[in-house]
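Below, each value reflects all heavy atoms present in this structure, side chains not excepted, and no hydrogens, waters or symmetry copies. Being a predicted model, the structure only gives us computed values, none of them experimental.
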Amino acid sequence: MSSVDEQLSIIKRGCDELLVEAELAERIATGRQLRVKLGMDPTAPDLHLGHTVVLNKLRQFQDLGHHVQFLIGDFTGMIGDPTGKNTTRPPLSREQIQDNARTYREQVFKILDPERTEILFNSEWSDKLGAAGMIRVASTYTVARMLERDDFGKRFRASQPIAIHEFLYPLMQGYDSVAMKCDIELGGTDQKFNLLVGRELQKHFGQRPQCILTMPLLEGLDGVNKMSKSLGNYVGIDEPPGEIFGKLMSISDELMWRYIELLSFESLQTIARWRREVADGRNPRDVKAGFAREIVARFHDPAAARHAEEEFEARFRQGAMPEDMAEVNVAAGNQPVPVAQVLKASGLTASTSEALRMIEQGGVRIDGERVADKSLKLDPGCTVVLQVGKRKFARVTLT
């Protein structure tokens with residue numbers, strides 16, 4: 001096992017905050033395996049690159065010789081995590097949770113070592129608590145302390161409803177840490193309050209409080225919102241190689257660095273060199289392609305990555321698609337937008353009727369694919385390359 005300083009250097013790379021570093025260093029210095037917790041509620045059927053930011057960090061703990069506990073929140077998923085929500089979130093059914101959990105188990109081993117991963121379900125201890133146990137856990141926190149959480153506080157001040165069951169979520173996530181006796185818990189920056197509740201509950205139950213490591217949230221392909229399948233701005237780790245490669249090539253040159261810093265396994269020195277080379281005139285597209293190959297190879301294999309790049313080049317570069325095309329944002333609100341309206345709003349056609357006519361004539365492509373359906377709609381948050389005729393191109397983001 002590496003020295004304390006070496007381990008801390010690896011653990012802290014890319015993280016947002018480590019609480020408390022001195023406590024973690026002390027635990028590492030004992031030489032024992034740390035119990036490292038990451039919990040995920042299976043509220044959607046697939047994992048995307050946003051999830052892998054923290055999963056990659058969990059794998060690093062495994063590589064350092066520590067014991068990883070991957071917790072599937074089949075109980076807390078039924079409550080529904082209110083983090084970042086300005087309205088009460090409807091809970092999922094046990095059946096929905098179980099279906100999604102099966103997919104999570106399959107996909108998470110694309111990143112974690114199955115031989116060194118303990119899979120846990122929090123229903124194992126939460127179901128056994130019963131009403132009396134839930135009341136005991138609830139008695140450890142006050143409403144005033146719950147309102148210290150940013151999203152709860154904002155909703156309270158705005159007179160927006162907060163359901164009582166939402167207060168149970170951070171408490172039950174915290175109780176998971178008690179049940180698992182974990183040394184450190186990982187999560188996104190939006191989970192900090194919940195992770196701190198875990199520390200407090202461990203103290204209450206006579207355990208040494210866990211350390212906390214928060215990781216940044218990855219923006220989606222739109223470069224604005226957190227990556228989310230519901231917003232359509234995601235890259236799924238189980239998607240076909242060509243789909244992953246094409247989506248990563250569609251991100252802006254500025255967003256590319258954010259993705260590389262949070263997702264690439266290349267050394268910090270290598271990434272710094274790439275930045276210098278681009279500043280000195282290297283085409284950022286070359287760096288982006290190398291990064292896309294790395295990600296495709298990680299979730300498929302190197303041969304699939306090479307094939308995906310060759311297909312991309314044949315479809316886009318040889319199709320005379322300009323590398324330096326217009327970047328356009330089109331307001332979408334929360335509803336899908338008909339492609340004809342997007343073409344007009346992006347300036348590629350003078351009117352929606354012209355757009356419909358061009359679709360009928362086979363003159364409209366999205367990401368290189370011919371559009372045949374005039375009723376096609378594009379989802380909010382997505383970024384696509386639109387082509388009208390042979391010479392009109394735009395990279396369009398629906399915001």
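Of the possible polar contacts, none joining the Q173 side chain to the T76 backbone as a donor-acceptor pair under 3.5 Å is found. The closest donor-acceptor contact from the side chain of E185 to the backbone of I212 lies at 3.5 Å or more, if one exists at all. Under a 3.5 Å cut-off, the side chain of K57 and the backbone N or O of I11 do form a donor-acceptor pair. Proximity of a side-chain donor or acceptor of D253 to a complementary backbone N or O of P284 within less than 3.5 Å is not detected. At distances below 3.5 Å, at least one donor-acceptor pair connects side-chain atoms of Q387 with backbone N or O atoms of G389. With hydrogens and angles disregarded, a donor-acceptor distance shorter than 3.5 Å links the side chain of H51 to the backbone of H48. The closest donor-acceptor contact from the side chain of T214 to the backbone of E17 lies under 3.5 Å. Under a 3.5 Å cut-off, the side chain of T52 and the backbone N or O of L55 do not form any donor-acceptor pair. Remark: side-chain polar atoms of K12 are not paired, donor with acceptor, to backbone N or O of L18 under 3.5 angstrom. Judged by distance alone, the side chain of R59 and the main-chain N or O of I111 form a donor-acceptor pair under 3.5 Å.
In this structure, E219 does not pair ionically with K226, as no charged nitrogen and carboxylate oxygen lie closer than 4.0 Å. The existence of a salt bridge linking R285 and E313 is confirmed by a sub-4.0 Å separation between a basic side-chain nitrogen and an acidic carboxylate oxygen.
By the criterion of side-chain heavy atoms lying less than 4.5 angstrom apart, applied directly or through intervening Ile, Leu, Val, Met, Phe, Trp or Tyr residues, V53 is grouped together with I10 in one hydrophobic cluster. In terms of hydrophobic clustering, with Ile, Leu, Val, Met, Phe, Trp and Tyr side chains grouped at heavy-atom distances under 4.5 Å, F61 and L262 are assigned to a common cluster. The cluster map of Ile, Leu, Val, Met, Phe, Trp and Tyr, joined by side-chain heavy atoms under 4.5 Å apart, puts V396 and V224 in different clusters.
Residue pairs meeting the ring-ring contact (aromatic ring centres under 6.0 Å, His included) criterion with at least one member in residues 13-46, sequence neighbours excluded, do not occur. The ring-ring contact (aromatic ring centres under 6.0 Å, His included) pairs that include a residue from residues 235-268 are F245-F312, where partners are two or more places apart or lie in different chains.
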* Is there a salt bridge (charged side-chain N to carboxylate O under 4.0 Å, His left out) between R273 and E277 once you walk through the steps? -> CA-CA 6 Å; R273 174 169 56 79; E277 289 172 352; 3.1 Å; yes
* Audit row: D183, R32, salt bridge (charged side-chain N to carboxylate O under 4.0 Å, His left out) steps and yes/no -> CA-CA 11 Å; D183 292 293; R32 69 176 178 86; 2.7 Å; yes
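Applying the 6.0 Å contact sphere to NZ of K288 captures more than 12 heavy atoms from other residues, nucleotides or ligands. Residue-environment remark: NZ (K154) stays at or below the threshold of 12 foreign heavy atoms within 6.0 Å. Remark: H67 NE2 is packed, more than 12 non-hydrogen atoms of other residues, nucleotides or ligands lying under 6.0 Å away. Within a 6.0 Å sphere centred on CD of Q361, other residues, nucleotides and ligands contribute more than 12 heavy atoms.
Under the 6.0 Å distance and 45° angle rule, K181 does not count as a cation-pi partner of F205. F152 does not carry R155 over the face of its six-membered ring by the limits of under 6.0 Å from the centre and within 45° of the normal.
Looking only at side-chain heavy atoms (C-beta outward), F167 and I162 come within less than 4.5 Å of each other.
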Show which side-chain atoms of residues 375-386 pair as donor or acceptor with protein atoms under 3.5 Å away, not counting sequence neighbours.
from	atom 1	to	atom 2	distance (Å)
S375	OG	D373	OD1	2.6
S375	OG	D373	OD2	3.3
T383	OG1	L221	O	3.2
T383	OG1	T397	OG1	2.9

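For the atom pair I119 CD1 and F70 CZ, the distance stands at 6.0 Å (nearest 0.5 Å).
If you check the side chains of Q210 and S177, you find a donor sitting under 3.5 Å from an acceptor.
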